[in-house]
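The structure under discussion appears below in the form of structure tokens.
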Amino acid sequence: MRLKDKISLITGAAQGIGLAIAQEFLRQGATVFLTDIQDEKGAQEADLLGNKANYLHLDVRFEDDWRTVTNQIVDQCGRLDILVNNAGITGFENGIVSHDPENVSLEDWHAVLATNLDGVLLGCKYAIKTMKQSKTGSIINISSRSGIVGIPQAAAYAASKAAVRNHTKTVALYCAQMGWQIRCNSVHPAAIMTPMWETMLGDGEGRAEREAALVKDTPLKRFGMAEEVAHLVVYLASDESSYATGAEFTIDGGILAGSAASPGALED
């Protein structure tokens, strides 16, 4: 019960890493507000998770949505202890388009940054406004391995995740400067088995070979699991990490420990 009685908000929680974080937070005693734009799926998952799970619609790109959701949580629970800014897009959700630095369109670039960066900015803004009442809290921003290295075919995604990494440090320093015990850290996953990867890999003949080929440059030679990311996020959300702020935590099977792996494609 490492998060007993803590009030948490997780964005992009209808599936994948966000849902795994919600499940683990509940196991650790937190009250969880799952948010997403996939309302039917998000509500179904919250119902399955029990009476300490709640679903709220939140499009992270829109400030009015953030204002409404944080006000609702405070009205219902009195405070917010944990925010996980997890919602994000790759830019390839509707098919393959050019995202290299020569051919990416400004429209596609802005679409990725609106969710991945504006969403984190707004999340941090409203978490701070809420948490400063109690002068304590934990903000965890889900960045990416792609926020540390360049990704030639995913310029907007890489740039947005790099900006999340930097903004995390700015938020951490600002809160410390103000004298609040509001911590902010970033998590950088790579090659985590999520619905995006499941769709790409398929489940027919040759699945094992395709999977092995994609992680051949990863020292641990496998995909990570969403639950493994969730365990790290629990640590950062809990009081066990009370001296960690402005830090970045990679969870990538060792890929960033050396220089053998040359980034050629989106990896999380």
Side-chain angles (χ1 to χ4, degrees), residues 1-36 38 41-58 60 66 68-87 120 123-124 126-143 168 171-172 175 180-189 192 194 224-247 249 251:
M1 301 296 283
R2 296 155 72 192
L3 303 179
K4 187 180 182 201
D5 298 329
K6 291 188 181 290
I7 311 301
S8 64
L9 164 60
I10 305 167
T11 69
Q15 63 182 20
I17 291 173
L19 179 57
I21 293 169
Q23 292 167 335
E24 191 59 31
F25 275 20
L26 286 162
R27 290 189 198 100
Q28 298 296 336
T31 294
V32 178
F33 288 86
L34 297 84
T35 70
D36 210 297
Q38 300 181 75
K41 184 172 179 53
Q44 288 174 347
E45 293 292 351
D47 286 343
L48 290 172
L49 291 173
N51 59 11
K52 293 189 75 173
N54 311 267
Y55 177 77
L56 297 173
H57 174 87
L58 171 59
V60 297
W66 277 105
T68 298
V69 164
T70 50
N71 285 342
Q72 188 168 341
I73 292 172
V74 170
D75 288 346
Q76 185 172 330
C77 301
R79 67 185 193 280
L80 176 66
D81 301 309
I82 303 161
L83 168 67
V84 182
N85 278 315
N86 169 72
V120 169
C124 292
Y126 280 89
I128 292 169
K129 287 181 179 298
T130 304
M131 293 174 178
K132 73 178 184 180
Q133 306 306 318
S134 59
K135 299 184 179 181
T136 187
S138 178
I139 301 169
I140 301 109
N141 295 327
I142 306 300
S143 179
T168 296
V171 170
C175 291
W180 305 324
Q181 297 298 308
I182 300 173
R183 301 178 295 107
C184 188
N185 296 287
S186 60
V187 173
H188 299 258
I192 304 300
T194 61
M225 303 304 293
E227 293 79 6
E228 293 173 305
V229 180
H231 294 153
L232 173 57
V233 174
V234 165
Y235 165 70
L236 294 173
S238 75
D239 294 338
E240 296 166 16
S241 60
S242 56
Y243 200 52
T245 193
F249 295 79
I251 179 164

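Residue numbers count from 1 along this sequence.
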Apply side chain to side chain contact (heavy atoms under 4.5 Å, CB included) to A30 and list each qualifying residue two or more places apart in sequence or on a separate chain. L3, S8, F25, V32
Can you pull out every side-chain hydrogen bond (donor to acceptor under 3.5 Å, both in side chains) where at least one residue sits in residues 236-246? Sequence neighbours excluded, please. R2-E240, K6-D239, R183-S241
Quick one: closest heavy-atom pair of A87 and T11, and the distance? N-OG1, 2.8 Å
Enumerate the salt bridge (Lys or Arg N to Asp or Glu O under 4.0 Å) contacts for residues 47-57, please, sequence neighbours excluded, ordered by first and then second residue. none
Partner residues of K132 under the side chain to side chain contact (heavy atoms under 4.5 Å, CB included) criterion, sequence neighbours left out: W180, I182
Distance, nearest 0.5 Å, that separates OG1 of T136 from CE of M131: 8.5 Å
Side chain to side chain contact (heavy atoms under 4.5 Å, CB included) filter on Q76, not counting sequence neighbours, yields F33, N54
How many angstroms lie between CG in N71 and CD1 in I73, if you round to the nearest 0.5 Å? 9.5 Å
Kindly compute the distance separating CG (L236) from CG (L232), expressed to the nearest 0.5 Å. 5.0 Å
When I140, V233, N185 are each screened for side chain to side chain contact (heavy atoms under 4.5 Å, CB included) with F249, the one that passes is N185
Could you walk me through whether L48 and E45 satisfy the side-chain contact (heavy atoms from CB on, under 4.5 Å) test, starting with their C-alpha distance in whole Å, then the side-chain angles of each, then the deciding distance to 0.1 Å, before giving a yes or no? CA-CA 5 Å; L48 290 172; E45 293 292 351; 4.0 Å; yes
Closest non-hydrogen contact found for C124 with L83 is N-CD2, 4.1 Å
Quick check: closest heavy atoms across D5 and D81, and the distance to 0.1 Å? O-OD2, 4.0 Å
Restricting to salt bridge (charged side-chain N to carboxylate O under 4.0 Å, His left out), what partner residues turn up for K129, sequence neighbours left out? none
Counterpart residues, side chain to side chain contact (heavy atoms under 4.5 Å, CB included), relative to T130 (two or more places apart): T70, V74, L80
Distance-minimising heavy-atom pair for P189 and S143: CD-O, 3.6 Å
Drop me the distance from Y55's OH to Q38's CD, to the nearest 0.5 angstrom. 7.5 Å
Residue pairs passing the side-chain hydrogen bond (donor to acceptor under 3.5 Å, both in side chains) test with at least one member in residues 16-36, sequence neighbours excluded, are E24-R27, E24-Q28
Heavy-atom pair of closest approach, residues A226 and I192: N-CG2, 3.6 Å
Over all atoms of both residues, closest heavy-atom pair of L34 and A53: CD1-CB, 3.9 Å
Taken to the nearest 0.5 Å, the spacing of I128 CD1 from Q133 CD works out to 12.5 Å
Taking only residues two or more places apart in sequence or in another chain, which ones pass side-chain hydrogen bond (donor to acceptor under 3.5 Å, both in side chains) with H57? D39
What pairs with N141 under side-chain hydrogen bond (donor to acceptor under 3.5 Å, both in side chains), at least two apart in sequence or on another chain? N85, T168
With sequence neighbours excluded, residues passing salt bridge (charged side-chain N to carboxylate O under 4.0 Å, His left out) with E228: R222
Check this for me: N51, atom CG, are more than 12 non-hydrogen atoms of other residues, nucleotides or ligands nearer than 6.0 Å? no
